[in-house]
Structures are given as C-alpha cells and as structure tokens.
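Notes follow the structure.
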Amino acid sequence: MNPDATVSTGDIARLVGMGRAAVSNWRRRHDDFPPPVGGTASSPLFSLLAVENWLTKHGKPAVVSLGDRVWQRLRAGADDLRLGETVAAAGVLLLQLRDGDDENVDRLPSRPTPIEDPEAHRLIGRLAAEDGHLDAFEFLCERYQQAHSRRLVTTPADVAQLLARVVAPDDGTVLDPACGLGNLLCAIPASRVLGQEIDASSAVIAAVRLLLRGVDARLIAEDSLLRDGFEHTQADAVVCDPPFNERTWGYDELTGDPRWEYGLPPRGESELAWVQHCLARVRPGGVVAILMPPASASRKPGRRIRSNLLRAGALRAVVSLGIGGNDLWLLRRPEPNDRTPQHILLAEAEGDLAGAEAALARITEAATPDPDQGLSPGPGSGPAAGPGSAPGPGPGPGPDTVPGPSSDHATDGVMVAVIDLLDDEVDLSPARHRTRPAGEVGAEFQAALEGFRNLSATPPELAVLTEPRAFAITTVGELVKAGLISVLTAPPRMAVDSGELPMLTGEDLAAGATPSGRVTAEPELVSLVPGDVVATATGLARVITEQGAVLGPHLTLYRVDADRMDPDFLAGFLRGGQRHPVSGSSRIDARRTRLPRLPLAEQQRYGQAFRALIELEDALRRTSELGATLVRSGFDGLTDGQLAPD
C-alpha cells in the first residue's frame, strides 16, 4: 500500500474541472508530469501531492476539497478489494464521533477492521465538523460508488424515489431484502426499516447511512434466500432491487421452502424467487415494489408462477420504466377476504416516471383496504391461496378493485383483463399489450401518407466531364490568413442543458434540424447569423439560414467575407473535400481542406449545386422517416382495427 494519497487520471480531471483527455495530453507532452506510483498500466495512480505541485508549477487551477483529501487518504490506505471495508470503517468512526459511545455501533451487522491511520482519523474528524457527520459519510459513499461503478449495482436515485413514493408507509416498517448500500431504504420515510445484504461491507455502510439519519434500522449481513434473517417478520411494505440472472441462488437447497406459495421458481428464474420471498415477508394487505428484468414478464419457465400470481390477485401492475431499463412489478399480499382483481395495469413509462407514478397511484389507492370493512368482497371472490387452490379470476359481478380501462396519457397504461392473460404464455410484457387511442393510428397514417406523397427528391443537373477540370488550388488555412474566412469556436466550458438561449448541437447539424439545445447566456458565446458555415470535426457542414441561436460545443463556425466568398461553396468543399480523415484519426483538419481558386460568380454556381445535394439528402432522410412511420402505423392500424384494406 502507498501511504500517500493517490489520484487517478479521472480524479485529476475532476480536480481541475477538465476532461480525462486533457490529463492524457499533459502526460504525453510534459516530461515533468509526475510518474505513476501505483495502479496498473491502463489505470495508473499518481501521488496527489506531486500532482498538486505540478499543477501549481504550470499555473493550472486545482481545488482539492477536504472531502477529496479524506477520500484519497482512505483510498491510498487500502487495495481496491478492501475499499468497501475501509468506507464502512470510516462510517463506524463517524458514528462514534457523533454519538460519543458505541450504542449505535453495536447495532451494526458487523464491525469492520478499524482505520489505523491517525491522519485519516484527523481528516475525517475535520470533515465531520465542517459538513456534518451524515453529509461527510454520504460524500465518501458517493466517491465509493463512482470508484466501483462497474462492481456496485445501485438503483438510480429517481427510480428509488419512485419506489419510495409507491409504497410510502411513513409510520410502518419497510424491508429491503437485497439492500446493497441502502439507497432504497434511505429514500423511504419509514419509522422503522429492515435490511439484509449478502455483502458484509455494504450492509454496514447501509446501516451507518440509516443510523446517521436517526432511523430505527436493523440490518443483517446474510443471503436473504439461503439464510433469511427475517423469517418470522412481516413488514408493512417491501422494496427490492434484487440481483438478476443468478444461477446459484439456492434452487437445490430450497426446493421445499414454504416461501414458494405460487410455485417452485425454476433454476434459471431467480427473480421469481425474489418476488415470492418479498411477498412472504410482507403482511397481508402490504405492498411489494420490486424491480425485475423485462424478460421475467414473458419467459416460458416462469409462466406457471405468473399465472398463479394473477389468479391469487397478488400481482397488480407491471410498468416498463424505459428503454433498456427494468420493469417495476407492484404486488399486494392478498388478505383472506380479498376479492380477486379482474384487471392488471400494464404500462410503459418510456422515461416518464411522473406518469408511471400517477398510473401506479390509482392501483395502490384501489388496493388500500377500507379501515372498517377491508376490501369489499364481491360474489365469486375467494380466499387468497397458493398455487394448488388459487382462485380463478371469474367474471364475478360488482365493481372491480382497480380502475377500468382508460387512458388519457401514454403512461396511464392499459388495464388488461386477467382472464385474457391466462393463456399458454401468460405474457405480462406491457409492450405486448400496448394500445393506442382510437383515431390516433389513422391520423398518423394519413399524415405520413400525405407527407410521403408531397416529398420530392430531385437531384441537381450536373454535367459529366470527359476530363477532370483543372483548378488552381488553395486551402482553408490560406484563406483564413488572407482574411476571407474567420474561424470561431464555442467556449470550452458551457452551462448546457439549461438556460434561455437556443443552441445548435452536432445532432441538429447532422439532421438539418432547428437548434434543440439550451444554454445559459455568457459573454463568450458565439451567436449564429445567416450565411455562417458550421462544421463538425468529422466533416459535416451546413450554411446557417436563421439567426437567434448560439454555437454548441464541438462545432466550428466559419464566417466568410460575402463579397469574396460564397458560403455554400465553402460548406460543400468542407464536406466533400476532406471526406477521408488522416490515417489513425477520426477527426478532420479543416484548415488543410483544399478548394479551387474561383471568382465569386463561379463559386456561386458550385454553391448552388452543393446546396441542391444537401436538400436532396434531407429529402431522402425525410422520405425514409415518413416511410417508416407509414409502415409502422399501417401495421398497427390493420392489426388493431383502426385501418382496413380499401
């Protein structure tokens, strides 16, 4: 171990507020840049003190906060495999410093090896005095998650907040049987929380985070499926973001486990084991919110369990949270007199978590029992039961326990009749049951059809020469020196993604679209005016036709002397004259772009031809987009009855 604090290239970049590429350039260009003192060839570590001295010597601003000094000191004192234990030990120290005794420390699932470095003790004490004990530990946890982002699987903050609001028992007990670092439990304002985590260091970190918040917390460091630490507990609600695709979850050891009320989970369906474990640890009438891989809604081996969950009325909603993301399954442990719901919510949030929350709220409100009468049982209802006696949904009369089919908003989803899902597949994928409002498909199809017919893609008239035309050649660099072209770029640091000014991005330039970015007004911003040529580093170039926007990052603006140069002429040669970048690089040196020396009138003829080619390219792309919409809406309309063959 290196006794001195060390930093990676990413840490150095963060200290100076620049990208990693800048640090890599310094290492290549400056022989006096500090050599690595640890790490590997691909991930070197440098002495923090040596880097600070080098940055000061070269006049580069660097701010090392007290929190970063604590973090780098801790990181230097342990190898990466023990970093979690070191962070946990820092948490124990913060608990002791705050409480002045070991009362809360004795409640931790285990005691990590104490930190022996006196300087680390001193720095942690200073950080706690300046920022508070909780904020100090949250800072260290954040750095730990950043350092091990590939090893630690954490629930995104917005999803954790969504799960917290869905279950929301502010005066009950909440359990997370796979709590990790405690992100889900920290998001829930419960009066008492329980957690279990297989990794001992993570369990301690989660417990410290909760105890520093003053939460009545009890956590256990064990495998929840193999050694359930809360076997005789029934929480008011359960939240869970379990590990996926576990092949060694305990199938052989747990074959006869009483938690499998809805069927023995297949060996390759560990996620369904977690679903049943969560249901077994929540009280009757309690809610379970669990994140599941999308495949769990449709995989063939799990259809029997899905069927039994539906028949028993346990599964109330499946919501896809976004492309490439997980599904949220909302379940409710049935009570003896529950009437089995006849519908289930299947919704696609597509990143709109607020819409998903609104849809789920309807389900949770409907599932909340009447304090005096409980859920009103209707004729044809039956007691909650296991797979052997699970009641069928039945067409019983009376109001349903969930709202009927309706959809004013995309994420309101579809209320699908349970009986329609109980087929050979029991496919609960929301995308499979997606429906669109009446008339929407027809309107989309008609608009795409009219747009498709109105498009014209006419190529420019170009003469084919038998011999290539010879030109006197110059370059963009020479024209810049001659004053025909001014080159401008955006400031290196821009407050993008918010602000009042529209900003042209590289994506806008490629698509020929209007500026879609936003930026905060700053004096250094470059405003666009009609006639400016904007180009990317990969050779795309267009002439600006409207003003009001500013130049985005990674773009270059060429402002021409309109009395001597045609902008379309320049844009055409920037785009076509350097189509092939220098070998070994994906970037183009635009100053070396060759273009002919021509009088303005001849430039304008070339410029008109280049502009026609760009318009042809835009028309072809638009035709492709409209064609894809036409085909998609045509299939949708024919299959759901909104369109018919003429």
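Note that this is a predicted model, so its numbers are computed, not measured. Worth knowing before you read on, the calculation uses all heavy atoms, side chains too, and leaves out hydrogens, waters and symmetry mates.
Between the side chain of R209 and the backbone N or O of L181 there is at least one donor-acceptor pair closer than 3.5 Å. For the pair N53 (side chain) and A50 (backbone), a donor-acceptor distance under 3.5 Å is absent. Between the side chain of Q161 and the main chain of P156, no donor-acceptor pair closer than 3.5 Å is present. Using modelled atom types, one side-chain atom of D11 and one backbone atom of S8 make a donor-acceptor pair closer than 3.5 Å. Side chain of D223 to backbone of L225: a donor-acceptor contact under 3.5 angstrom is found. Between the T86 side chain and the R82 main chain, a donor and an acceptor come within less than 3.5 Å of each other. Remark: side-chain polar atoms of E197 are paired, donor with acceptor, to backbone N or O of D199 under 3.5 angstrom. Between the E271 side chain and the N245 main chain, a donor and an acceptor come within less than 3.5 Å of each other. Looking only at distances, no side-chain donor or acceptor of S224 sits under 3.5 Å from a matching main-chain atom of D228. At least one donor-acceptor pair closer than 3.5 Å links the side chain of R98 to the backbone N or O of L212.
The shortest non-hydrogen separation linking V64 to D68 is CG1-CB, 4.2 Å. Residue L574 comes nearest to A541 through the heavy atom pair CB-CB, 4.1 Å, listed as atom of the first residue, atom of the second, then distance. Of all heavy-atom pairs spanning A190 and G172, the tightest one is CB-O, 3.7 Å. Heavy-atom minimum distance, W249 versus S270: CD1-CB, 3.4 Å. P294 approaches G325 most closely through the heavy-atom pair CG-O, 3.4 Å. Across all non-hydrogen atoms, the minimal contact from P515 to P502 is CB-CB, 4.3 Å.
Aromatic pair H58/W26: centroids not less than 6.0 angstrom apart.
With respect to the salt-bridge test (charged N to carboxylate O, under 4.0 angstrom), the residues E500 and R518 do not qualify. Salt bridge absent: E119 and R73 never bring a charged side-chain N and a carboxylate O closer than 4.0 Å. Salt-bridge annotation for R213 and E138: present, with a side-chain N of the basic residue lying under 4.0 Å from a carboxylate O of the acidic one.
Environment of CD in E253: crowded, with over 12 heavy atoms of neighbouring residues, nucleotides or ligands closer than 6.0 Å. Remark: E130 CD is packed, more than 12 non-hydrogen atoms of other residues, nucleotides or ligands lying under 6.0 Å away.
Atom OG1 of T489 is separated from atom CG of L557 by 9.5 Å, given to the nearest 0.5 angstrom. Here CZ of R542 is found 11.0 Å from OG1 of T536. Values are rounded to the nearest 0.5 Å. With rounding to the nearest 0.5 Å, the separation of SG in C179 from CG in L185 is 6.0 Å. Between atom CH2 of residue W274 and atom CD of residue E269 there is a gap of 15.0 Å, rounded to the nearest 0.5 Å. One finds the CZ atom of R143 at 10.5 Å from the CZ atom of R75 (value rounded to the nearest 0.5 Å). We find the CD-NZ distance between E52 and K57 to be 15.5 Å, quoted to the nearest 0.5 Å.
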message = Test side-chain contact (heavy atoms from CB on, under 4.5 Å) on L123 and L66; report intermediate values, then the result.
response = CA-CA 8 Å; L123 290 173; L66 176 59; 4.0 Å; yes
request  = Starting from the C-alpha separation in whole Å, work towards a yes-or-no answer on side-chain contact (heavy atoms from CB on, under 4.5 Å) for L528 and V534.
outcome  = CA-CA 9 Å; L528 302 177; V534 177; 4.0 Å; yes
key: salt bridge (Lys or Arg N to Asp or Glu O under 4.0 Å) between R281 and D176, intermediate numbers included   = CA-CA 10 Å; R281 294 297 159 260; D176 184 349; over 6 Å; no
inquiry  = Quick one, V487 with T556, criterion side-chain contact (heavy atoms from CB on, under 4.5 Å). Give me CA distance, side-chain angles, the key distance, then yes/no.
reply    = CA-CA 7 Å; V487 182; T556 303; 3.5 Å; yes
request  = Check step by step if side-chain contact (heavy atoms from CB on, under 4.5 Å) holds for W54 and T56.
outcome  = CA-CA 5 Å; W54 186 89; T56 302; over 6 Å; no
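Looking only at side-chain heavy atoms (C-beta outward), E85 and T113 come within less than 4.5 Å of each other. A 4.5 Å side-chain heavy-atom check between L134 and L94 finds every atom pair outside the cut-off. Counting heavy atoms from C-beta outward, T514 and D508 have side chains that stay 4.5 Å or more apart. Using a 4.5 Å heavy-atom threshold, the side chains of L328 and L162 count as touching. Inter-residue side-chain proximity for I220 and R218 is flagged as met; some heavy-atom pair is nearer than 4.5 Å. Taking the side chain as every heavy atom from C-beta outward, L219 and L194 never approach each other to under 4.5 Å. Side-chain contact check for L321 versus L291: some heavy-atom pair is nearer than 4.5 Å. Put simply, the side chain of S47 does not reach to within 4.5 Å of the side chain of T6, judged on heavy atoms.
Using a 3.5 Å distance cut-off with no hydrogens or angles, the side chains of T155 and N183 do not pair a donor with an acceptor.
Under the ring-ring contact (aromatic ring centres under 6.0 Å, His included) criterion, no residue pair touches residues 83-138, with sequence neighbours excluded.
For F139, the ring-ring contact (aromatic ring centres under 6.0 Å, His included) test picks out no residue, with sequence neighbours left out.
By the 30° and 60° cut-offs, the orientation of the rings of Y144 relative to W71 is tilted.
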